[in-house]
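A quick write-up on the structure given underneath.
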Amino acid sequence: MKLLLGWVLNALALLAVAYLLPNIHVASFTSALVASLIIGLVNILIRPVLIVLTLPITVFTLGLFILVINGLLFYFVGQSLQGFHVDTLVAGVLGALLYSVFSWLLTALLVDDK
């Protein structure tokens with residue numbers, strides 16, 4: 001049940017990001033559900049590989065390059081799905097940052113850890 005609630009909360013966070021940033025577009029709540037699922041899978045499967053491959057750059061930039069990796073993945077998902085679109089890479093970086101913050105806030109406030 002927690003997994004489904006987290007999935008819905010992530011979709012709501014994605015809708016909030018699309019509402020706040022003009023370069024990110026979500027067609028419907030169903031599109032937000034699919035996009036949040038794909039973003040989660042990309043973060044689980046592809047993100048760790050990219051972090052390991054770019055470890056020297058990440059260390060050199062004191063970890064700030066991870067923001068670029070998150071933005072690239074967010075942008076990639078936005079280009080791959082119909083109903084969810086990210087116009088620019090900068091919008092991808094800002095969207096990924098806001099999506100993380102909103103998702104964390106909603107999960108912290110509404111999901112009980114017990």
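Considering only residues two or more places apart in sequence or on other chains, S28 meets the side-chain hydrogen bond (donor to acceptor under 3.5 Å, both in side chains) condition with S31. Partners of T58 according to the side-chain hydrogen bond (donor to acceptor under 3.5 Å, both in side chains) rule, which considers only residues two or more places apart in sequence or in another chain, do not exist here. Taking the side-chain contact (heavy atoms from CB on, under 4.5 Å) definition, one finds that L15 meets it with L12, V26, F29, A32, sequence neighbours left out. For V68, the side-chain contact (heavy atoms from CB on, under 4.5 Å) test picks out F65, L72, with sequence neighbours left out. Every side-chain contact (heavy atoms from CB on, under 4.5 Å) that L21 has, sequence neighbours left out, goes to V17, I24, L94, L98.
Residue V59 is found in a hydrophobic cluster whose other members, listed by chain and number, are L55; membership requires side-chain heavy atoms under 4.5 Å apart, directly or through intermediates. Through direct or indirect side-chain contacts shorter than 4.5 Å among Ile, Leu, Val, Met, Phe, Trp and Tyr, V49 is connected to L53. Its side chain outside the 4.5 Å cluster rule for every partner, I66 clusters with none of the Ile, Leu, Val, Met, Phe, Trp and Tyr residues. Other members of the hydrophobic cluster containing L67, listed by chain and number, are L64, L97; membership follows side-chain contacts under 4.5 Å among ILVMFWY residues, whether direct or relayed.
Residues L62 and I57 do not share a hydrophobic cluster, defined by chaining ILVMFWY side chains whose heavy atoms lie under 4.5 Å apart. Criterion: ILVMFWY side-chain heavy atoms under 4.5 Å apart, direct or through other members. Under it, F60 and L50 are not part of a common hydrophobic cluster. V93 and L14 fall into different hydrophobic clusters, defined by Ile, Leu, Val, Met, Phe, Trp and Tyr side-chain heavy atoms under 4.5 Å apart, directly or through other members. Under the 4.5 Å side-chain heavy-atom criterion for grouping Ile, Leu, Val, Met, Phe, Trp and Tyr, V52 is not connected to I46 through any hydrophobic cluster. Hydrophobic cluster membership differs between L3 and L45, with clusters built from Ile, Leu, Val, Met, Phe, Trp and Tyr side chains linked at under 4.5 angstrom.
Applying the side-chain hydrogen bond (donor to acceptor under 3.5 Å, both in side chains) definition to pairs two or more places apart or across chains, those involving residues 92-110 are N10-S103. Pairs passing the side-chain hydrogen bond (donor to acceptor under 3.5 Å, both in side chains) check and including a residue from residues 43-57, sequence neighbours excluded, read R47-N70.
Rounding to the nearest 0.5 Å gives a distance of 12.5 Å between CG of L73 and CD1 of I38.
Within the 3.5 Å criterion, the main-chain N or O of L33 finds a donor-acceptor partner in the side chain of W7.
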Name every donor-acceptor pair, under 3.5 Å, that has one atom in a side chain of residues 75-85 and the other anywhere in the protein, sequence neighbours excluded.
residue	atom	partner	partner atom	Å
Q79	NE2	V86	O	2.4
S80	OG	F76	O	2.8
H85	NE2	D87	OD1	3.0

